[in-house]
Chemist: 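This is the structure I want to talk about, given as structure tokens.
Nothing here was measured: the structure is a model prediction, and the numbers come from that model. As a basis for the values below, the full set of heavy atoms in this structure was taken, side chains included, without hydrogen atoms, waters or symmetry mates.
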Amino acid sequence: MIKFFRKVRQNMIKENKASKYLLYALGEIILVVIGILIALQINNWNQGLKDNKAEKIMISDLKRSLVSTEQQLQKITIAYHENLEAMNRIYEHLKNKRPYSDSLKTQFIEIESYVEPLFEIGVYEGFKNQGLLLINNDSLKTAIIQLYEAQLPQISEKLTGNIELIASSTLLPLNVQLFTYDGFDMIPNNYELLLSNQQYLNAISYMRSIKTYTMFSAERLQENITALINALTVYQNQL
């Protein structure tokens with residue numbers, strides 16, 4: 001084909017047909033430009049297919065990660081409900097100065113215990129530098145970033161840092177004085193003195209308030225994650 005056009009061009013030059021040659025040259029340039037544009041369009045189309053496939057994979061992986069996080073938060077809130085029930089029983093028992101019961105020794109440990117979350121963030125970390133650019137929905141992209149960069153770190157700090165600080169600075173020093181540890185049991189050294197120890201009762205009340213607030217925060221975050229999963233599902237169906 002190239003030899004054919006070259007031969008046509010040479011014949012026009014030999015015949016001194018300048019105007020026809022110029023038209024031919026212009027046509028040849030237009031054909032070359034069209035060829036380049038078609039090649040670029042095909043390349044863009046292929047890249048678009050690759051990006052679309054990568055976006056679908058990313059959305060699917062993010063959903064899986066979020067479902068795992070949602071399930072963990074659900075387990076955490078259930079554990080905190082049970083933990084707070086035990087704390088409430090102990091608090092009411094001591095506040096009302098009821099007689100000692102062996103069932104208490106297995107519940108005292110609940111006051112200082114907490115659930116340490118292990119949220120799955122590896123998928124987000126793998127995608128956040130490049131993969132998130134594939135998402136064309138800005139509000140959805142913002143919600144994902146806020147969840148992983150702000151909301152999950154905040155709830156992790158509440159579930160571990162805050163409670164651990166209170167336990168180590170307030171409860172543990174009192175427990176060392178007031179109890180004997182026997183495995184997972186905490187046996188009061190002197191139950192009568194424990195009943196009159198207002199500092200210990202205040203520590204229980206304070207820890208109970210912190211855990212209640214933390215549990216509600218975890219429940220609200222769980223609702224946010226559920227909404228985000230639903231939004232990702234809608235977006236996924238649109239791809």
Side-chain angles (χ1 to χ4, degrees), residues 55-92 103-104 106-128 131-132 135 137 139-168 170-171 183-186 203-239:
E55 184 180 14
K56 288 180 179 179
I57 293 173
M58 182 190 66
I59 294 297
S60 179
D61 288 347
L62 278 173
K63 279 183 59 179
R64 176 184 54 77
S65 176
L66 287 171
V67 168
S68 174
T69 300
E70 180 187 35
Q71 291 172 345
Q72 187 175 116
L73 278 172
Q74 186 177 18
K75 292 178 181 179
I76 288 172
T77 54
I78 291 173
Y80 267 78
H81 273 291
E82 296 174 350
N83 183 270
L84 284 167
E85 287 177 0
M87 290 181 67
N88 289 335
R89 286 194 295 270
I90 294 172
Y91 181 82
E92 293 300 324
S103 62
L104 291 176
T106 62
Q107 297 180 12
F108 281 118
I109 195 69
E110 296 289 344
I111 300 170
E112 66 182 60
S113 65
Y114 59 91
V115 180
E116 185 173 358
L118 295 172
F119 297 127
E120 184 180 328
I121 62 172
V123 172
Y124 172 77
E125 291 295 328
F127 283 122
K128 71 176 183 179
L132 291 178
I135 299 179
N137 188 313
S139 61
L140 189 58
K141 190 187 305 181
T142 299
I144 293 171
I145 293 173
Q146 287 180 342
L147 173 69
Y148 283 98
E149 297 291 344
Q151 295 171 351
L152 283 179
Q154 287 174 1
I155 196 65
S156 294
E157 179 61 23
K158 289 177 182 178
L159 288 168
T160 54
N162 292 352
I163 294 176
E164 185 177 9
L165 177 63
I166 297 167
S168 61
T170 305
L171 272 173
F184 292 104
D185 293 342
M186 290 176 59
I204 295 176
S205 180
Y206 184 49
M207 180 64 88
R208 185 174 59 170
S209 298
I210 295 297
K211 286 187 175 181
T212 300
Y213 172 71
T214 301
M215 182 188 67
F216 286 150
S217 298
E219 289 176 336
R220 286 196 298 270
L221 181 56
Q222 185 180 338
E223 293 173 357
N224 292 343
I225 292 176
T226 301
L228 181 55
I229 291 172
N230 293 335
L232 282 170
T233 299
V234 172
Y235 182 72
Q236 189 178 35
N237 292 334
Q238 294 172 349
L239 294 176

Chemist: May I ask you to test the Ile210-Ile166 pair for a side-chain heavy-atom distance under 4.5 Å?
Modeler: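 SC-SC contact between Ile210 and Ile166 confirmed.
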Chemist: Flag yes if more than 12 heavy atoms outside Lys75 fall under 6.0 Å of its NZ atom; otherwise flag no.
Modeler: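 For Lys75, atom NZ is not crowded (no more than 12 foreign heavy atoms under 6.0 Å).
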Chemist: Would you name the heavy atoms of Ile155 and Ala218 that are closest together and state the gap between them?
Modeler: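 Residues Ile155 and Ala218, closest heavy atoms: CD1-N, 3.6 Å.
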Chemist: In Å, rounded to the nearest 0.5 Å, how long is the span from CE of Met207 to CD1 of Ile204?
Modeler: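 The distance works out to 10.0 Å.
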Chemist: Is there a side-chain contact between Glu219 and His81, using heavy atoms and a 4.5 Å cut-off?
Modeler: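 Yes - at least one pair of side-chain heavy atoms lies under 4.5 Å apart.
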Chemist: Indicate the atoms forming the closest heavy-atom contact of Ile109 with Thr106, along with that distance.
Modeler: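 Closest heavy-atom pair between Ile109 and Thr106: CG2-O, 3.7 Å.
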Chemist: Provide the closest heavy-atom pair for Gln107 versus Ile90 in the form atom of the first, atom of the second, distance.
Modeler: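 Closest heavy-atom pair between Gln107 and Ile90: O-CD1, 3.0 Å.
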Chemist: Just how far is it from atom CD of Gln71 to atom CD of Gln222, taken to the nearest 0.5 Å?
Modeler: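 The CD atom of Gln71 sits 10.0 Å away from the CD atom of Gln222.
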Chemist: Taking all heavy atoms of Phe108 and all of Met186, pick out the closest pair and write down the distance.
Modeler: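 Residues Phe108 and Met186, closest heavy atoms: CD1-O, 3.4 Å.
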Chemist: Give the C-alpha distance, both sets of side-chain angles, the deciding distance and a yes or no for side-chain contact (heavy atoms from CB on, under 4.5 Å) between Arg64 and Glu120.
Modeler: CA-CA 10 Å; Arg64 176 184 54 77; Glu120 184 180 328; 2.9 Å; yes
Chemist: Stepwise, does the side-chain contact (heavy atoms from CB on, under 4.5 Å) test hold for Glu223 with Glu70?
Modeler: CA-CA 9 Å; Glu223 293 173 357; Glu70 180 187 35; over 6 Å; no
Chemist: Just by distance, do the side chain of Asn88 and the backbone of Leu84 share a donor-acceptor pair under 3.5 Å?
Modeler: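 Looks like yes, one N/O pair under 3.5 Å.
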Chemist: Has the side chain of Ser209 got a donor or acceptor atom that lies under 3.5 Å from a matching backbone atom of Ser205?
Modeler: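 Judged by distance alone, yes, a pair lies under 3.5 Å.
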Chemist: Going through the distances and angles, do Leu159 and Ile76 end up as a side-chain contact (heavy atoms from CB on, under 4.5 Å)?
Modeler: CA-CA 9 Å; Leu159 288 168; Ile76 288 172; 3.9 Å; yes
Chemist: If only atom types and distance count, is the side chain of Thr170 paired as donor or acceptor with the main-chain N or O of Ala167 below 3.5 Å?
Modeler: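 Such a contact is absent between Thr170 side chain and Ala167 backbone.
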Chemist: Less than 4.5 Å apart, any side-chain heavy atom of Leu221 and any of Leu152?
Modeler: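 Leu221 vs Leu152: side chains touch.
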Chemist: Start with the C-alpha distance between Gln236 and Lys56, add both sets of side-chain angles, then the distance that settles side-chain hydrogen bond (donor to acceptor under 3.5 Å, both in side chains), and finish with yes or no.
Modeler: CA-CA 7 Å; Gln236 189 178 35; Lys56 288 180 179 179; over 6 Å; no
Chemist: I'd like to check Tyr80 versus Thr212 (side-chain heavy atoms, cut-off strictly below 4.5 Å). Are they in contact?
Modeler: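 Result no, sub-4.5 Å side-chain heavy-atom pair not found.
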Chemist: So, the side chain of Asp61 versus the backbone of Val123: is there a donor-acceptor pair under 3.5 Å, distance only?
Modeler: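 Not a single qualifying donor-acceptor pair exists.
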Chemist: Under the criterion side-chain hydrogen bond (donor to acceptor under 3.5 Å, both in side chains), I'd like the reasoning laid out for Asn224 against Thr226: C-alpha separation, chi angles, the key distance, then a yes or no.
Modeler: CA-CA 5 Å; Asn224 292 343; Thr226 301; over 6 Å; no
Chemist: Could you tell me the separation between the OG atom of Ser65 and the CD1 atom of Ile144, rounded to the nearest 0.5 Å?
Modeler: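 The CD1 atom of Ile144 is 10.5 Å from OG of Ser65, to the nearest 0.5 Å.
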Chemist: How far does CD1 of Ile135 sit from CG of Leu62, to the nearest 0.5 angstrom?
Modeler: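 Result: 6.5 Å between the selected atoms.
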Chemist: I want to check something: taking the side chain as every heavy atom from C-beta on, are Ile145 and Tyr124 in contact at a cut-off of under 4.5 Å?
Modeler: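 Touching, per the 4.5 Å side-chain cut-off.
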Chemist: Rounded to the nearest 0.5 Å, what's the gap from CD on Gln238 to CD1 on Ile59? Could you check?
Modeler: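 Interatomic distance, Gln238 CD to Ile59 CD1, rounded to 0.5 Å: 11.0 Å.
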Chemist: Where do Leu118 and Gln72 come nearest, in terms of heavy atoms and distance?
Modeler: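 Smallest heavy-atom distance, with atoms named: N-OE1, 2.7 Å.
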Chemist: Is there a side-chain hydrogen bond (donor to acceptor under 3.5 Å, both in side chains) between Tyr148 and Thr69? Walk through the geometry before answering.
Modeler: CA-CA 11 Å; Tyr148 283 98; Thr69 300; 5.1 Å; no
Chemist: Could you state the interatomic distance from CD (Gln146) to CG (Leu228), rounded to the nearest 0.5 Å?
Modeler: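 Output value for this atom pair is 10.0 Å.
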Chemist: Run the numbers on Ile229 and Ile225 for side-chain contact (heavy atoms from CB on, under 4.5 Å), then give the verdict.
Modeler: CA-CA 6 Å; Ile229 291 172; Ile225 292 176; 3.9 Å; yes
Chemist: Hey, is the main chain of Thr214 close enough, under 3.5 Å, to the side chain of Lys158 for a donor-acceptor pair?
Modeler: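 Here the side-chain-to-backbone pair does not exist.
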